[in-house]
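Atoms within a ligand are numbered from 1 in the order they appear, just like the ligands themselves.
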Amino acid sequence: MLASSLRAKGCKGTTVARATATTTTTTGGWTPRTTTRVAGSRAGGTSAKNGAWIRTSRRGASRNQTAMSVQLSQDELKKQAAWKAVEYVKSGMRVGLGTGSTAAFAVARVGELLSNGTLTDIVCVPTSVATQQQAESLGIPLATLDEVPKLDVAIDGADEVDPALNVVKGRGGALLREKMVEMASDSFVCIVDETKLVSGLGGSKLAMPVEIVQFCWKYNLERLRSLEEVAGCEAKLRMDGDAPYVTDNSNYIVDLYFEEPIKDSYAAAKAISALEGVVDHGLFLDMVTTCIIAGSDGVIVKEK
Ligand SMILES: O=C(CO)[C@H](O)[C@H](O)COP(=O)(O)O
């Protein structure tokens with residue numbers, strides 16, 4: 001089932017996937033327009049139509065795997081993607097730690113591998129106060145970009161992933177630090193469950209966040225709303241109860257909602273960034289180097 005239809009049905013956070021309980025987690029899955037490697041693949045075809053995600057077949061799976069059908073929760077899928085991503089972390093590396101419920105599984109796994117001695121000598125840069133607190137509670141050595149300006153790998157979730165592996169991030173409010181950390185990293189491993197797949201960014205009809213300074217926020221909300229590049233979007237100040245939501249950087253967020261996917265994400269990103277008072281936006285274009293997608297057919301790895 002396509003992510004957009006799952007989201008339209010309000011399936012986020014609920015049990016969504018029928019998965020196959022196996023030791024091999026890489027057969028079949030979703031395939032984007034771009035040519036990609038499916039790790040350990042016995043997967044079906046890799047072609048796609050009209051730049052959309054298509055589900056590939058699981059040829060051979062029943063012959064080669066223990067195909068016991070079980071119902072996996074969305075959290076279990078997030079954990080599977082996160083654990084796979086942590087395989088990219090090696091001892092001695094400098095690691096960016098993302099924010100959100102999927103990234104939290106990766107942070108927990110890093111903590112576990114450090115405490116049992118599998119990983120040694122790593123230093124991590126968190127992308128939010130929440131992640132910093134989680135990492136501290138697990139005894140993960142932390143630094144900032146001031147101290148460690150170049151990272152080997154960053155692991156983070158996303159809100160939407162398109163077939164070219166461009167993503168929307170920041171529904172958790174950490175977009176600025178996430179973008180800074182992920183841009184400072186040699187590789188960015190994005191971890192999602194299949195409900196995050198969209199045919200075009202903005203297509204989930206959920207928020208595409210823009211972080212703005214508090215000063216004259218209404219003025220900037222109106223300017224965002226009237227940008228030609230995001231024509232037709234609805235713009236709303238993100239709230240936290242009765243008060244505006246405030247980011248870790250003491251800024252506000254304007255969430256943009258689209259009826260249709262954004263026509264040209266690059267043009268939109270450029271136009272949004274050009275507004276004085278905009279700090280950053282949730283369009284992370286050409287940043288993901290590896291996307292790990294956990295879904296009903298297992299975990300697949302897409303390399304950019
Ligand atoms: O960008 C983010 C936070 O700013 C998150 O990575 C994104 O919102 C995905 O979160 P989750 O894994 O909880 O679905």
Side-chain angles (χ1 to χ4, degrees), residues 3-4 6-7 10-17 72-86 95-110 124-135 153-162 165-183 185 188-198 201-212 238 240 245-257 269 279-285 287-288 290-295 299:
S4 51
L6 282 168
R7 283 178 177 281
C11 289
K12 195 177 182 213
T14 61
T15 299
V16 295
L72 291 187
S73 68
Q74 190 177 24
D75 271 354
E76 187 55 39
L77 295 178
K78 289 177 180 183
K79 185 174 171 185
Q80 286 189 352
W83 280 40
K84 182 78 189 159
V86 175
V95 182
L97 297 178
T99 296
S101 55
T102 316
F105 284 115
V107 176
R109 182 66 173 158
V110 168
C124 297
V125 176
T127 53
S128 63
V129 172
T131 299
Q132 179 187 334
Q133 289 168 347
Q134 184 194 4
V153 61
I155 300 173
D156 202 353
D159 301 300
E160 295 182 359
V161 184
D162 81 3
L165 306 187
N166 288 322
V167 303
V168 166
K169 286 189 49 54
R171 281 183 200 142
L175 59 153
L176 174 61
R177 295 188 189 190
E178 289 172 335
K179 200 175 276 185
M180 288 176 70
V181 168
E182 282 136 33
M183 286 300 287
S185 183
F188 171 19
V189 181
C190 181
I191 47 177
V192 292
D193 64 84
E194 65 184 350
T195 67
K196 305 292 183 65
L197 305 183
V198 294
L201 299 184
S204 71
K205 300 198 171 158
L206 298 175
M208 198 289 277
V210 180
E211 184 160 347
I212 60 169
R238 189 179 296 189
D240 183 6
Y245 173 88
V246 178
T247 69
D248 287 347
N249 320 298
S250 305
N251 295 313
Y252 286 171
I253 286 183
V254 170
D255 285 318
L256 304 183
Y257 296 87
V279 180
D280 215 330
H281 54 74
L283 294 167
F284 285 43
L285 309 178
M287 287 179 61
V288 171
T290 302
C291 189
I292 298 178
I293 305 158
V299 176

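- Under the side-chain contact (heavy atoms from CB on, under 4.5 Å) test applied with Phe284, the options Leu201, Val167, Val168 reduce to a single match, Val167.
- Going from atom CG of Leu165 over to atom CD1 of Ile293 covers 7.0 Å, rounded to the nearest 0.5 Å.
- The line from CD of Glu211 to CG of Leu176 is 5.0 Å long, rounded to the nearest 0.5 Å.
- Within the 4.0 Å heavy-atom shell around ligand 1 one does not find Gly98.
- Here Ser128 has no heavy atoms under 4.0 Å from ligand 1, in either its backbone or its side chain.
- Looking at Ala174 next to ligand 1, an N or O pair under 3.5 Å apart turns up.
- Of all atoms in ligand 1, numbered sequentially from 1 with element shown, those under 4.0 Å from a heavy atom of Gly157 are 6 (O).
- Near Gly100, the atoms of ligand 1 lying under 4.0 angstrom from a non-hydrogen atom of the residue are 13 (O).
- Atoms of ligand 1 found under 4.0 Å from any heavy atom of Arg171 (numbered from 1 in listed order, with element): 8 (O).
- Residue contact check: Lys169 has heavy atoms under 4.0 Å from atoms 1 (O), 2 (C), 5 (C), 6 (O) of ligand 1.
- Closest to atom 3 (C) of ligand 1 by heavy atom, among Glu178, Lys196, Lys179, is Glu178.
- Here the CD1-CD1 distance, from Ile253 to Ile212, works out to 9.5 Å after rounding to the nearest 0.5 Å.
- Sorted by first and then second residue, the salt bridge (Lys or Arg N to Asp or Glu O under 4.0 Å) pairs involving residues 96-105 (not counting sequence neighbours) form an empty list.
- Electrostatic pairing of Glu160 and Arg171 counts as a salt bridge here, judged by a charged N lying under 4.0 Å from a carboxylate O.
- A side-chain hydrogen bond (donor to acceptor under 3.5 Å, both in side chains) with Asp193 holds for exactly one of Lys79, Gln74, Gln80, Lys78; it is Gln74.
- For atom 12 (O) of ligand 1, the nearest non-hydrogen atom from the set Asp159, Thr102, Val192, Val168 belongs to Thr102.
- Residues satisfying the salt bridge (charged side-chain N to carboxylate O under 4.0 Å, His left out) criterion with Lys179, sequence neighbours excluded, are Asp280.
- Remark: ligand 1 and Gly170 share an N or O pair separated by less than 3.5 Å (distance only, no angle test).
- Residue Gly173 approaches ligand 1 through these ligand atoms, each under 4.0 Å from one of its heavy atoms: 4 (O).
- Near Asp156, with a cut-off below 4.0 Å to any heavy atom, the atoms of ligand 1 are 6 (O).
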